[in-house]
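Reckoned from all heavy atoms, side chains included, excluding hydrogens, waters and symmetry mates. Chain letters run A, B, ... following the sequence lines, proteins first and then strands; every chain starts at 1.
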Amino acid sequence: MRRSKYLLNTLKETPKEAVVISHQLMLRTCMIKQLASGIYTYMPFAVRSIRKIERIIRQELDRVGCIELLMPSVQPADLWNESGRWKNYGKELLRMKDRKENEFCYGPTHEEVVTDVVRRELRSYKELPLNLYQIQTKFRDEVRPRFGLMRGREFIMKDAYSFDVDEETCDASYWLMYEAYKRIFSRCGLNFRPVEADSGLIGGDYTHEFHVLANSGEDEILSCNQCDYAANVERCEVRQPAAFSGPELDKPRRVATPDAKTIEEVSNLLGVQPSQCVKALLYKTENEPVLAFIRGDRTLNETALRNALGVPELELLNEGDAREVGLVPGFVGPINAPDGLSLWVDPEVLAIEASVVGANAPDAHFTHVHPSHFANYQVTSLRQAFAGDPCPRCDEGVLASWRGIEVGQVFKLKTKYSESMNASYLDEQGHSKPMVMGCYGIGVTRTMAAAIEQNHDDAGIIWPVQIAPFHVTLLSLDVGSDEVDGAAETVYQALTDRGVEVLYDDTKGRPGFKFKDADLLGIPIQLVFGKRSLNQGLVDLKMRGTGEKRSVALAECVDETIAALRQQGWEHH
RNA sequence: CGGGGAGUAGCGCAGCCUGGUAGCGCACCUGCUUUGGGAGCAGGGAGUCGCAGGUUCAAAUCCUGUCUCCCCGACCA
């Protein structure tokens, strides 16, 4: 591609709305143009990278037997009523009406449509397993779109859906996809981790997210430094201590703690460690208030509490709400708690020999509280794991914390949709059974953004060669000189003939400008053609990633370039 | 949805307080000089000042309403 005929207007200055690096660089390199909040045009330079990511996805999914199809973006409300999601999905679902006032939505995901396809087409166990996928634009009306392509409303997604006869073969389909995902993200040149994630209410035993490691990631993930355990912090398991089993040495003592409402104030006033205090948090489910207790120096994991209660929603209550259920804000504890509250206690709390708890009375706490003084409670792991915790799986490991960008998820749906939408097959005995489903997503455009988040420096993008919009950029410093033009044209043609994608900067710019621009664009290899070197029969080859530069003979430069590309993992297709 | 900020040329911004011919830098076009790390000079094109209403002889500027965008938080199959 000749730069003079391409659409690629780079910016020297960073538009002010961009705060994360991928967003800034994508704007500066003319990759995206915003049309509305969370809605972008993918410009030519970006589309080239998107197509490469898609190509890798297609190859790896086809390899494990997935079959590509393409479903409609606009979906009738009827289908969503069958699954129950027309009511439940909420405002993220973009709804609309056609001219006949029939209701439709723009697809945020395609469980309903794919289940409908399969229930019409499949009858027999002999046709299973089946895994259908598509790559398509999705729309989710996010509450707060942000960070460019990292959290857009419209985005390109690969979604796949597996159909199996039972849970066992569904597991096999799941792990096949898990391995395919590892190959996909590896081939994209990304540093990533598959992590255990929360499966919510329908998910069942496990689900994994694939995270690209980057400081700007919105998720915290924890991984073991010894074994391969890794989990989203909201799902991360905690090694729990045994309850303190020694005898009660003393009765709880009621002490005056005027105005000491926070853990910090109480521990300072009484001269005890925060880890000896008990923190109480009041939540509300749809039906009932719930009181949770964790150690004073810990953070509560709301996902853990939600799962323990088996509820989809949980709301943290404020002081006013606390008074309504008979609590004294700041002095809440497990002893003499008002009736009608369900009490949940983290195991760590019960490992404290003598703890400090609120007295459920104004300006008072109990000290010397022994585990046996807790009454009418249930024990469940409630605290959030953090870096430095021992690994929950192996004996030697310690957890380390990372920021991650979620680029993919594999998920077991089981029979949620096949039952509600009646997608069934006949087994060998002629019995009708619901298919067991899995779903598997990859955010294509988010993957591209994550790649930039992970691969850049002060000068600009550093594309992994596998997903780079071009493999090589050829800079002509003396456009108009017959010698330079001739050499550049010849090499441009030769590289192109050998399957190398070249961005040929044949514009009449000054050298400094071209160098800066090439660094900004981040194409893996720069080939520099200028009189100064060419007079000695040389061209200059620079590796964008390492900054390494060397001069090579004009006659050798095509082979040298291809060798350097191969070294970075380039494969000619 | 709560809190904060911003809409003036493609991008970055000034002008608004104190109403009176809409400006600067980058980018773009023309010419000359320059040419190995974002050149210099000269000339030029480009803006319904987010939108609507009001006050006024006169509104980018004052008043009211409204829309959009960004950031923090809540939320995120």
Across all strands shown, which nucleotide pairs with [N] by Watson-Crick or G-U wobble geometry, both distances under 3.5 Å?
N     : answer
B:A39 : B:U33
B:C76 : none
B:G19 : none
B:C24 : B:G12
B:G65 : B:C51

What integer number of Å spans the [atom1] atoms of [N] and [M]?
N     : M     : atom1 : answer
B:A42 : B:G7  : C1'   : 35 Å
B:G45 : B:U30 : C1'   : 11 Å
B:G23 : B:U64 : P     : 29 Å
B:A60 : B:G20 : C1'   : 13 Å
B:C16 : B:C63 : P     : 14 Å
B:C1  : B:C76 : C1'   : 15 Å
B:G3  : B:G12 : P     : 27 Å
B:U34 : B:A39 : C1'   : 7 Å

May I ask you to verify if any side-chain N or O of [X] is less than 4.0 angstrom from the OP1 or OP2 atom of [N]?
X        : N     : answer
A:Arg510 : B:A39 : yes
A:Gln34  : B:C70 : yes
A:Arg144 : B:C72 : yes

Inset, instruction - Classify every nucleotide of nucleotides 7-15 of chain B by which part a protein heavy atom approaches to under 4.0 Å, writing B for the base, S for the sugar-phosphate alone and - for neither, in 5'-to-3' order. - result: ----BSS--

Checking all strands, does [X] fall into the base, sugar-phosphate, or nothing category for heavy-atom contacts under 4.0 angstrom?
X        : value
A:Phe147 : sugar-phosphate
A:Asp478 : nothing
A:Arg85  : nothing
A:Lys542 : base
A:Lys549 : base

I'd like to know if [X] pairs up with [Y] as an ion pair, taking the criterion as any Lys NZ or Arg NE/NH1/NH2 lying under 4.0 Å from an Asp or Glu carboxylate oxygen.
X        : Y        : value
A:Arg85  : A:Glu111 : yes
A:Lys182 : A:Glu60  : no
A:Arg544 : A:Asp457 : yes

Which whole-number value in Å describes the distance from [X] [atom1] to [N] [atom2]?
X        : N     : atom1 : atom2 : value
A:Trp86  : B:A77 : CH2   : P     : 19 Å
A:His23  : B:C70 : NE2   : C1'   : 10 Å
A:Leu475 : B:G38 : CG    : P     : 14 Å
A:Arg28  : B:A27 : CZ    : P     : 13 Å
A:Asp198 : B:C75 : CG    : P     : 13 Å
A:Gln526 : B:G38 : CD    : C1'   : 14 Å
A:Tyr106 : B:A77 : OH    : C1'   : 17 Å
A:Asn9   : B:C26 : CG    : C1'   : 13 Å

Any idea which of [options] is nearest the [X] side chain?
X        : options             : result
A:Phe515 : B:C26, B:G37, B:C70 : B:G37
A:Tyr89  : B:A27, B:G37, B:A77 : B:A77
A:Glu302 : B:C75, B:G38, B:G36 : B:C75
A:Arg140 : B:G36, B:C69, B:A77 : B:A77
A:Arg151 : B:U35, B:C76, B:A77 : B:C76
A:Ser37  : B:G36, B:C69, B:C72 : B:C69
A:Glu92  : B:C76, B:G38, B:A77 : B:C76

Legend entry - A:Tyr6/A:Phe470 aromatic ring centres below 6.0 Å: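 Yes, they do, as the ring centres are separated by less than 6.0 Å.
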
Does [X] reach the main-chain N or O of [Y] with its side chain, forming a donor-acceptor pair under 3.5 Å?
X        : Y        : result
A:Asn301 : A:Glu234 : yes
A:Lys279 : A:Leu300 : no
A:Arg153 : A:Phe139 : no

Extract all donor-acceptor atom pairs below 3.5 Å that involve side chains of residues 70-81 of chain A and protein atoms in other chains or at least two apart in sequence.
from    : atom 1 : to       : atom 2 : distance (Å)
A:Ser73 : OG     : A:Tyr106 : OH     : 3.4
A:Gln75 : OE1    : A:Trp80  : NE1    : 2.7
A:Gln75 : NE2    : A:Thr109 : O      : 3.4
A:Gln75 : NE2    : A:His110 : NE2    : 3.0

Legend entry - Parallel, tilted or perpendicular: rings of A:Tyr178 and A:Trp175 (30°, 60°):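 Answer is perpendicular, since the angle exceeds 60°.
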
Inset, instruction - Could you check whether the rings of A:His208 and A:Tyr174 sit parallel, tilted or perpendicular, using 30° and 60° as the cut-offs? - result: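 Geometry flag for A:Tyr174 against A:His208: tilted rings.
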
Inset, instruction - Select from A:Gln409 and A:Val143 the residue whose nearest nucleotide in RNA chain B is closer to the 5' end of that strand. - result: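 Taking each residue's closest nucleotide, the earlier one in sequence belongs to A:Val143.
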
Legend entry - A:Gly441 or A:Arg153, whichever maps to the more 5' nucleotide of RNA chain B: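 By nearest-heavy-atom nucleotide position, the 5'-most residue is A:Arg153.
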
Legend entry - A:Asp519-A:Gln526 side chain donor-acceptor pair, cut-off 3.5 Å: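 Checked: A:Asp519/A:Gln526 side chains pair up, N/O donor to acceptor below 3.5 Å.
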
